[in-house]
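Take a look at the structure set out below.
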Amino acid sequence: MVTKKRAIDFAVKLGWTQEDAKRAYESIGVNLDLVADDDEFTLALALADYAGEVLYDRQRKQAAQKAQVTKKTNEIERIKTAHAAKIEQYKKDRELEHSKFVGVISYLYKFARKIGIRDPWIEALLASYSDYLQDENDSSKAE
């Protein structure tokens, strides 16, 4: 009588995976209780019956699934990279537009102040933008 573990170990020595060996013995319906301990021929014959189209078909399906997973993983990674690049570009564009906008306001406000127009909101905007530029310069120098 051969134990299931010993039969699977025999199949592994022949180059089978443990899972394929379990499937082979189960699908063919080999009664391991009827196989003698030293009867490797019967075990090899049982594996050979399973090793044909059934095993090949299962391995092809498994390889196809793995290829699909790899393809999706690569696609997700590509999308993440593209998304991060777009976000970075949007940030740069926004900063540039903000910079141009504040520059125009600053230029126009200089003329408005000459004729006596004062606006605390615009002054606060220009002050905070000046602080922002100073912080940016400090952080770029630190790097």
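The figures that follow rest on heavy atoms only: side chains count, while hydrogens, waters and symmetry mates do not.
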task: Indicate yes or no: does D9 engage K13 in a salt bridge with an N to O separation below 4.0 Å.
output: no
message: With rounding to the nearest 0.5 angstrom, report the OG1 to NZ distance, T81 to K86.
response: 12.5 Å
query: Which residues satisfy the salt bridge (charged side-chain N to carboxylate O under 4.0 Å, His left out) test with D119, sequence neighbours excluded?
result: none
statement: NE2 of H83 to CZ of R78, rounded to nearest 0.5 Å, is 13.0 Å
query: Which atoms form the tightest heavy-atom contact between Y109 and R118, and what is the distance?
result: OH-CA, 3.3 Å
- prompt: In terms of hydrophobic clusters joined by side-chain contacts under 4.5 Å, are W121 and F101 together?
  reply: yes
query: How many angstroms lie between NZ in K110 and CG in L126, if you round to the nearest 0.5 Å?
result: 9.5 Å
query: Do D131 and S128 have side-chain N/O donor and acceptor atoms under 3.5 Å apart?
result: no
message: Taking V102's backbone N and O only, do any of them form a donor-acceptor pair with S106's side chain (distance below 3.5 Å, no angle check)?
response: no
query: CD1/I122 to CZ/R113 distance, rounded to the nearest 0.5 angstrom?
result: 10.5 Å
message: Using 0.5 Å steps for rounding, measure from the CD atom of Q65 to the OG1 atom of T70.
response: 11.5 Å
- request: Find out whether I87 and K91 are in side-chain contact, i.e. whether some heavy atom of one side chain is under 4.5 Å from a heavy atom of the other.
  value: yes
field: Counterpart residues, side-chain contact (heavy atoms from CB on, under 4.5 Å), relative to L108 (two or more places apart)
entry: V104
message: On a heavy-atom basis, which atom in I105 and which in L125 lie closest, and how many Å separate them?
response: CD1-CD2, 3.8 Å
- request: For atom CD of Q59, decide whether the heavy atoms of other residues, nucleotides or ligands shown that lie under 6.0 angstrom number more than 12.
  value: yes
task: Calculate, to the nearest 0.5 Å, the distance between atoms CD1 and NZ belonging to I76 and K71 respectively.
output: 12.5 Å
query: Does NZ or CZ of R60 lie under 6.0 Å from the centre of the six-membered ring of Y56, at an angle within 45° of the ring axis?
result: yes
